[in-house]
Amino acid sequence: MIEINRIRENKDEIIEKLKKRNFDAEPIVSEILSLDQEWRSAKQKKDDVCQEMNSIAKEIGQLFKAGNTEEGNAKKARATELKEVDKDLKDEVDNLADKIQQSLYELPNVPNEEVPAGGTEEDNVVVSTHGELPDMDAEALPHWEITKKYDLIDFELGVKVTGAGFPIYKNKGARLLRGLINFFLDEANKAGYTEFVPPLMVNEASGYGTGQLPDKEGQMYHVTEDDLYLIPTAEVPLTNMFRDVILNESDFPICVTGYTPCFRREAGSYGSDVRGLNRLHQFDKVEIVRVEHPDKSYEALDGMVKHVASLLEKLELPYRILRLCGGDLGFTSAITYDFEVYSAAQKKWLEVSSVSNFETFQANRLKLRYKDANKKKALVHTLNGSALALPRIMAALLENNQSENGVIMPAAIHNYIGFEKIA
RNA sequence: GGAGAAUUGGCAGAGUGGUCGAAUGCGGCAGUCUUGAAAACUGUUGUACCGCAAGGUACCGGGGGUUCGAAUCCCUCAUUCUCCGCCA
């Protein structure tokens with residue numbers, strides 16, 4: 001959420017920058033500013049009435065104490081009158097504040113300077129490409145064939161037990177998954193991230209805190225009986241641990257990591273995109289989250305990008321880094337780098353990580369601030385990234401490393417998974 | 001799931017209808033004393049919002065209500081603790 005003060009002061013700049021998202025902010029911003037005017041004047045009025053009520057109440061108290069009940073009762077009439085006025089004004093103020101809040105929720109984050117203009121993923125900029133693309137012959141199997149061939153994942157069984165998009169990993173498939181999770185967590189630990197095991201369900205306030213609510217309501221599984229949401233990413237609980245927190249400057253940098261399953265309804269997805277492991281309702285992911293001083297957040301972003309790159313290097317997967325264009329940028333993000341690995345049999349790039357700086361957008365919703373040396377409070381910057389999402393990594397590992405002798409696993413994870421090849 | 005108790009400022013803890021934004025202690029900050037430090041003493045010390053300012057408003061777990069007036073009374077929700085039940 002963009003701070004209202006920033007809108008008051010930099011209206012034109014915000015409108016201009018949001019154009020990069022193909023988002024016409026002018027109507028909402030104007031609406032907010034005019035509501036804000038109304039709100040301020042209504043609040044002033046209300047405060048004045050409250051002041052009078054408070055002083056009358058005080059007088060009445062003194063009159064009664066002095067035994068002057070007659071005059072006291074007379075004043076009650078005026079107080080009762082004011083109470084009506086106050087009630088109306090309170091409704092007006094609340095109503096206006098609520099409208100402002102709703103409109104603020106509709107504004108996406110202001111993109112960073114470096115975000116390229118553009119409407120769709122076509123316009124994302126390839127920052128760099130690493131590794132050689134394997135040249136597979138035509139018989140190369142897509143991962144859903146490989147998993148069947150070696151009995152690594154049972155998609156149909158998942159359908160029986162739960163539904164489509166809930167695969168059941170087994171044998172070396174299960175061990176590969178588990179080993180990769182441990183590998184990613186160990187690497188994150190080595191890079192200085194503190195490990196957490198967070199809850200897999202969060203309350204509504206947390207959903208708002210990181211920005212999944214209200215704009216992505218339909219993407220989360222909602223347990224209505226208890227009004228809890230299954231997390232779509234560990235970002236939600238990991239970042240919300242810091243909701244309503246005031247940090248000291250000495251607390252920075254804050255680097256946390258956690259592994260969780262992630263649950264996404266993925267309403268509206270279809271076709272080859274959802275084949276095999278490409279898109280699931282439940283998948284596993286190791287997430288890294290950072291809470292940073294505003295001056296240091298881009299340095300942190302850089303470090304996160306390097307960390308993710310190092311994981312892919314160790315897994316010996318060809319990958320590329322994209323800078324997302326305005327149109328493809330997530331609602332809450334100021335800048336995002338996507339990592340894609342090349343899936344040799346499907347012959348396409350699969351997104352396996354998304355690293356973002358949210359600047360103050362989440363912090364504002366989270367009321368996550370820090371106290372500087374002069375004890376002034378200011379919003380922090382929050383960042384997060386996948387390090388990494390498991391299914392597509394597995395898909396690429398299986399497809400890219402297939403051979404007549406089985407699927408050869410990269411050396412970096414041999415000790416984690418307990419085998420060198422799947423045959 | 002049932003019964004009971006509790007929730008107050010950074011912490012501890014008073015406060016049961018008006019003068020309470022809230023005693024007191026600890027902690028924090030500033031000062032006196034000291035070569036320095038400690039101790040002692042003195043003063044000071046919440047947050048947010050509106051306002052150019054003066055100033056004002058709100059906040060005693062959240063929300064609602066009673067009242068001229070609520071930290072204090074009522075309703076409701078949440079959380080914590082104790083006891084019982086159930087259970088990996």
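Lettering of chains follows the sequences in order, A, B, ..., and the numbering in each one begins at 1.
- The NZ atom of A:K75 sits 16 Å away from the P atom of B:rC68 (whole-angstrom rounding).
- For the pair A:R78 and B:rG69, the criterion of a side-chain N or O lying under 4.0 Å from OP1 or OP2 is not met.
- Atom-to-atom, CG of A:D94 to P of B:rU57 comes out at 18 Å; the value is rounded to the nearest Å.
- Nucleotides B:rG55 and B:rG63, compared at atom C1', are 31 Å apart to the nearest Å.
- If you measure from atom CG of A:D227 to atom P of B:rU79, you get 12 Å, rounded to the nearest angstrom.
- When the C1' atom is used for both B:rA54 and B:rC60, the distance is 29 Å, rounded to whole Å.
- Base pairing of B:rA58 is made with B:rU47, judged by Watson-Crick or G-U wobble geometry with both donor-acceptor distances under 3.5 Å.
- Nucleic acid contact class of A:A57 (heavy atoms, under 4.0 Å, all strands): base.
- The gap from the P atom of B:rG10 to that of B:rG64 amounts to 23 Å, rounded to the nearest Å.
- Under 3.5 Å, the side chains of A:Y319 and A:E313 contain a donor-acceptor pair of N or O atoms.
- Rounded to a whole Å, the CG atom of A:D86 is 14 Å from the C1' atom of B:rU67.
- Nucleotide B:rG51 holds its C1' atom 14 Å from the CG atom of A:N5, rounded to whole Å.
- The same atom, P, is picked in B:rA22 and in B:rC74; the two are 25 Å apart, to the nearest Å.
- B:rG10 is paired with B:rC26 under the criterion used here, namely a Watson-Crick or G-U wobble arrangement in which both key atom distances are under 3.5 Å.
- Under the Watson-Crick or G-U wobble criterion, with both distances below 3.5 Å, B:rU67 is left unpaired in every strand shown.
- Nearest-nucleotide positions on RNA chain B place A:F64 closer to the 5' end than the other of A:F64 and A:I4.
- Comparing B:rG64, B:rU57, B:rA48 by their nearest atom to the side chain of A:K90 picks out B:rG64.
- The separation between A:D47 atom CG and B:rC50 atom P is 11 Å, rounded to whole Å.
- Phosphate proximity of B:rG69 to A:K83: present, with a side-chain N or O under 4.0 Å from OP1 or OP2.
- Rounded to a whole angstrom, the distance from the P atom of B:rU66 to that of B:rU72 is 15 Å.
- Using N1 to N3 plus N6-O4 or O6-N4 for Watson-Crick, or N1-O2 and O6-N3 for G-U wobble, each under 3.5 Å, B:rA38 pairs with nothing.
- Look at B:rC52: it lacks any Watson-Crick or wobble partner with both distances under 3.5 angstrom.
- Look at the C1' atom in both B:rC20 and B:rA30: the space between them is 27 Å, to the nearest Å.
- Figure legend: cation-pi geometry between A:K172 and A:F419, with NZ or CZ positioned under 6.0 Å from the six-membered ring centre and within 45° of its axis.
- B:rU45 and B:rG69 are spaced 31 Å apart, taking the P atom of each and rounding to whole Å.
- For A:N54, taking side-chain heavy atoms from C-beta onward, the closest of the listed nucleotides B:rA58, B:rC68, B:rC49 is B:rA58.
- Scanning all heavy atoms of the two residues, the minimum distance from A:Q219 to A:E266 falls at OE1-N, 3.0 Å.
- When all heavy atoms of A:T260 and A:A234 are compared, the closest pair comes out as OG1-CB, 3.5 Å.
- If you find the closest nucleotide of RNA chain B to A:D36 and to A:G61, the one lying nearer the 5' end belongs to A:G61.
- Using atom C1' as the reference point in both B:rU24 and B:rG13, the two lie 8 Å apart (nearest Å).
- Between A:Q44 atom CD and B:rA54 atom C1' the separation is 12 Å, expressed in whole Å.
- Heavy atoms of A:K377 sit under 4.0 angstrom from primed sugar atoms or phosphate atoms, though from no base atom.
- Between the NZ atom of A:K376 and the P atom of B:rU47 there is a distance of 12 Å, rounded to whole Å.
- Side-chain atoms of A:E26 and A:S30 include a donor-acceptor pair closer than 3.5 Å.
- Nearest heavy atom pair, residue A:D284 against residue A:P391, reads O-CD, 3.7 Å.
- Without hydrogens or angle criteria, A:Q282 side chain to A:F166 main chain gives no donor-acceptor distance under 3.5 Å.
- Across all strands shown, A:I56 has no heavy atoms under 4.0 Å from either base or sugar-phosphate atoms.
- Under the Watson-Crick and G-U wobble criteria, each requiring two contacts below 3.5 Å, nucleotide B:rC83 is paired to B:rG2.
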